[in-house]
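Note that the structure is predicted; figures quoted are calculated from it, not measured. The residues of the chain are indexed from 1 along the displayed sequence.
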Amino acid sequence: QVQLVESGGGLVQAGGSLRLSCAASGRTFSNNAMGWFRQPPGKEREFVAAINWSGGSTYYADSVKGRFTISRDNAKNTVYLQMNSLKPEDTAFYYCAADSTIWRAYAPRSVYEYEYWGQGTQVTVSS
């Protein structure tokens, strides 16, 4: 059974940092793009960051560019999201996702191109 399990969420003051982790089990995703998405209260799920299978290409939403960094450790089947300079508008439920297509040169930004999803972790940024 394939599982993606997020961890590292919590409550932090504005300006603070958090590091999210997403550990995959049940199969390897070392040949697949991985992404982070978030869903703010009352809003639709939105793209945050993505990384291609090799880690050589990364993509960010404009709202997080320069503050968030996505990375992966294929040996651990894990993807990370380092979030710095957090703002109240970053408050959301954060989900990691895995692409089912292998060896894509790029990493998708659309929720519809990711087949596997974690249960999410809550990030709350207080002002």
Side-chain angles (χ1 to χ4, degrees):
Q1 182 181 359
V2 176
Q3 278 193 312
L4 301 178
V5 179
E6 301 94 336
S7 61
L11 173 64
V12 64
Q13 287 190 329
S17 299
L18 284 174
R19 188 194 194 205
L20 305 184
S21 299
C22 172
S25 62
R27 58 161 284 183
T28 179
F29 288 104
S30 60
N31 298 319
N32 304 76
M34 303 286 290
W36 284 98
F37 293 77
R38 66 187 182 187
Q39 188 161 11
K43 296 185 178 181
E44 294 186 351
R45 196 168 298 189
E46 63 184 27
F47 170 76
V48 175
I51 187 167
N52 78 333
W53 69 274
S54 69
S57 296
T58 56
Y59 308 83
Y60 298 94
D62 289 343
S63 58
V64 307
K65 202 171 293 183
R67 300 187 297 122
F68 290 11
T69 302
I70 188 171
S71 61
R72 67 188 299 160
D73 185 338
N74 284 342
K76 294 182 179 180
N77 219 17
T78 300
V79 64
Y80 306 96
L81 185 68
Q82 177 67 43
M83 306 186 294
N84 298 330
S85 302
L86 283 161
K87 304 175 181 179
E89 51 263 44
D90 294 318
T91 294
F93 223 76
Y94 282 71
Y95 299 88
C96 77
D99 182 12
S100 59
T101 302
I102 61 172
W103 299 329
R104 273 203 230 240
Y106 67 97
R109 294 172 178 252
S110 170
V111 297
Y112 301 106
E113 296 197 75
Y114 288 87
E115 181 175 351
Y116 302 99
W117 291 84
Q119 294 299 305
T121 185
Q122 176 69 44
V123 171
T124 303
V125 184
S126 63
S127 56

- [ ] Give the C-alpha distance, both sets of side-chain angles, the deciding distance and a yes or no for side chain to side chain contact (heavy atoms under 4.5 Å, CB included) between Asn52 and Tyr106.
- [x] CA-CA 5 Å; Asn52 78 333; Tyr106 67 97; 5.8 Å; no
- [ ] Any chance you could lay out the side chain to side chain contact (heavy atoms under 4.5 Å, CB included) test for Met83 and Val125, step after step, and finish with the verdict?
- [x] CA-CA 11 Å; Met83 306 186 294; Val125 184; over 6 Å; no
TODO: Could you check Gln122 against Leu11 for side chain to side chain contact (heavy atoms under 4.5 Å, CB included), going step by step and ending with a plain yes or no?
DONE: CA-CA 8 Å; Gln122 176 69 44; Leu11 173 64; over 6 Å; no
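Sorted by first then second residue, the ring-ring contact (aromatic ring centres under 6.0 Å, His included) pairs that include residues 63-83, not counting sequence neighbours, number zero. Sorted by first and then second residue, the disulfide (SG to SG under 2.5 Å) pairs involving residues 26-95 (not counting sequence neighbours) form an empty list. Applying the ring-ring contact (aromatic ring centres under 6.0 Å, His included) rule to pairs touching residues 6-35 yields Phe29-Tyr116, sequence neighbours excluded. Sorted pairs that involve residues 37-72 and meet disulfide (SG to SG under 2.5 Å), not counting sequence neighbours, are lacking altogether.
Under a hydrophobic-cluster definition in which Ile, Leu, Val, Met, Phe, Trp and Tyr are linked whenever side-chain heavy atoms come within less than 4.5 Å, directly or via other members, Trp36 and Trp117 are assigned to different clusters. A single hydrophobic cluster is seen to contain both Ile51 and Val64, as judged by linkage of ILVMFWY side chains at heavy-atom distances under 4.5 Å, directly or through other members. The hydrophobic cluster containing Met34 does not contain Val111, counting ILVMFWY residues as joined when their side-chain heavy atoms lie under 4.5 angstrom apart, directly or transitively. No continuous path of hydrophobic side-chain contacts links Tyr112 to Leu4 [ILVMFWY only; heavy atoms under 4.5 Å]. Hydrophobic cluster membership differs between Val123 and Phe47, with clusters built from Ile, Leu, Val, Met, Phe, Trp and Tyr side chains linked at under 4.5 angstrom.
In this structure Tyr60 satisfies the ring pair (Phe, Tyr, Trp, His ring centres under 6.0 Å) test with no other residue, sequence neighbours excluded. For Thr78, there are no side-chain hydrogen bond (donor to acceptor under 3.5 Å, both in side chains) partners, not counting sequence neighbours. The side-chain hydrogen bond (donor to acceptor under 3.5 Å, both in side chains) search around Lys65 returns Asp62, not counting sequence neighbours. Take Arg72 and apply the side-chain hydrogen bond (donor to acceptor under 3.5 Å, both in side chains) test, not counting sequence neighbours, and it matches Asn74. The side-chain hydrogen bond (donor to acceptor under 3.5 Å, both in side chains) test applied to Gln3 returns no partner, not counting sequence neighbours. Residues meeting the salt bridge (charged side-chain N to carboxylate O under 4.0 Å, His left out) test with Glu113, sequence neighbours left out: Arg104.
Enclosure of atom CD in Glu46 by more than 12 non-hydrogen atoms of other residues, nucleotides or ligands within 6.0 angstrom is indicated.
Figure legend: cation-pi geometry between Arg45 and Tyr95, with NZ or CZ positioned under 6.0 Å from the six-membered ring centre and within 45° of its axis.
Checked by atom type and distance alone, the side chain of Gln119 never pairs as donor or acceptor with a backbone atom of Glu6 at under 3.5 Å. A donor-acceptor pair under 3.5 Å links the side-chain atoms of Asn32 to the main chain of Asp99, judged by distance alone.
Between Ala50 and Ala107, the shortest heavy-atom distance links the atoms CB-CB, 3.5 Å.
Put simply, CD on Gln13 and OG on Ser127 are 9.5 Å apart, with the number rounded to the nearest 0.5 Å.
Other residues sharing the hydrophobic cluster of Trp53, ordered by chain and number and joined by side-chain separations under 4.5 Å: Ile102, Trp103.
For Phe37 and Tyr114, the ring centers are positioned less than 6.0 Å apart.
Residues Asp90 and Arg67 are in side-chain contact: their nearest non-hydrogen atoms beyond the backbone lie under 4.5 Å apart.
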Taking distance alone, no hydrogens or angles, what donor-acceptor pairs closer than 3.5 Å link side-chain atoms of residues 16-23 to residues at least two apart or in another chain?
| unit_1 | atom_1 | unit_2 | atom_2 | d |
| --- | --- | --- | --- | --- |
| Ser17 | OG | Asn84 | OD1 | 2.9 |

